[in-house]
Amino acid sequence: MNHFELQGGELACEGVPLSRIAEAVGTPVYVYSTATLERHFTVLRDALTDQGLKDPLIAFAVKANSNVAVLRTLAALGAGADVVSEGEVRRALAAGVPPERIVFSGVGKTEPEVAFALEAGVAEINVESEPELHLVNRVAQQMGRRAAVAIRVNPDVSAGGHAKISTGKADNKFGVSFSEAERLYATASNLAGVRPVGVACHIGSQITELAPMEAAFSKMRGLVERLRAEGMGLERLDLGGGLGVPYFNQPAPPSPADYAAMIGRVTKGLDIQLAFEPGRVIAANAGVLVSRVIHIHERPEGRRFLVLDAAMNDLIRPAMYDAYHDIRPLAPRPGEPLAYDVVGPICETGDTFTRDRLLPPLQAGDLVAFMTAGAYGAAMASEYNSRPLVPEVLVKGDQFAVVRPRPSYDDMLERERAAPWQA
Ligand SMILES: *Cc1c(COP(=O)(O)O)cnc(C)c1O
């Protein structure tokens, strides 16, 4: 459920018509709903606590939506943060996420990043390989610390979804095999700079079936039991994120209740704190990208191009992952739907959001919204084609605030300078 609905013939976010935001801030613009973010987080948390899980750590995957105001909204509900860079650690801290709820993932953490995370006091560093384990050990020892680490396992399951967002197969770059994990755990427990606290996995994104997750998590349970049988201590089992959301053209993903019930089943009787790293399922349906129709270009041979002021630099998912986004006019006109190729102004054929999409009739100047754009939308935006970075707006009830302003052209140019020999 989300809070983007037609009110008096106009698409609104909570109590604010999206056209009002478009007028005030300009387009393209991302708009997020506080009530939807809060709802998605609490529904997931309540489903997990209903399973009797003891104090699960729900660490929002910051890469899905890294806006500090969004993170602040979730932090206020008790969310932690799953981060993959020093920049994301800094964002989480700036949003008020307590360090003891921050989990640091990623295959290529550098020494300065690890040092920064240890200085901040993050809950756990998810180690993805043996060289990384030694890197963390070395940095922690230099700092006179002992780093809490979890070993990230690659459970070698195929979770479906797009190849570019599958992470749990043995030929993906993430994590180590089960046998490696056992060996690394033993190694870690003998190193002076680290303290192994658990094991972690994350098998992919936009997963719409429970079976692959259940298979992976059962294997993780087996690993926990084997390590304990060898006398190792484990405090936490991190099951990652990946739960899918409905993008309208896809199979419906499992509900948070079904997901939680599966977790309850798989981890029953295992006395351990569970951690989760949901991103998309919290943020995707809490955001839209609003754009204006620049013009409609009809080819005599038949193709009808809807040229928008949003482009692949603002929302790259269709170009990168062949992703589907529902597109809705903010004020639908009556009339028979027409087939449109929806494109942006960037000089690349890849700047095509969709082809032959049936939409209500549109005219130049009309406003449309890309739905389900709150995750991996603004966070992946760039200034390609020297288009100023897309702004972000947060709505709460009948209020809205610009939480990342659109940079001016001067801001954009001031970041660059001539080389000294060009002066
Ligand atoms: C991307 C990522 C997530 C979040 O994935 P979603 O599909 O958005 O839930 C969680 N954990 C790790 C390690 C990730 O890389």
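Just so you know, ligand 1 is whichever comes first in the structure, and atom 1 is the first atom listed for that ligand.
- A centroid separation of less than 6.0 Å is found between the aromatic rings of Tyr247 and His325.
- Side-chain rings of Phe370 and Phe353 approach one another, their centers coming within less than 6.0 Å.
- Leu358 CG to Tyr340 OH: the interatomic distance, rounded to the nearest 0.5 Å, is 10.0 Å.
- Ordered by chain and residue number, the residues placing a heavy atom less than 4.0 Å from ligand 1 are Ala61, Lys63, Asp82, Ser105, Arg152, His202, Ser205, Gly241, Gly242, Glu277, Pro278, Gly279, Arg280, Tyr376.
- Not counting sequence neighbours, the partners of Ala286 by the side-chain contact (heavy atoms from CB on, under 4.5 Å) test are Thr36, Leu37.
- Judged as a side-chain contact (heavy atoms from CB on, under 4.5 Å), and not counting sequence neighbours, the contacts of Arg72 are Ala95.
- Partners of Glu214 under the side-chain contact (heavy atoms from CB on, under 4.5 Å) rule, at least two apart in sequence or in another chain, are Ser218, Met262, Arg265, Val266.
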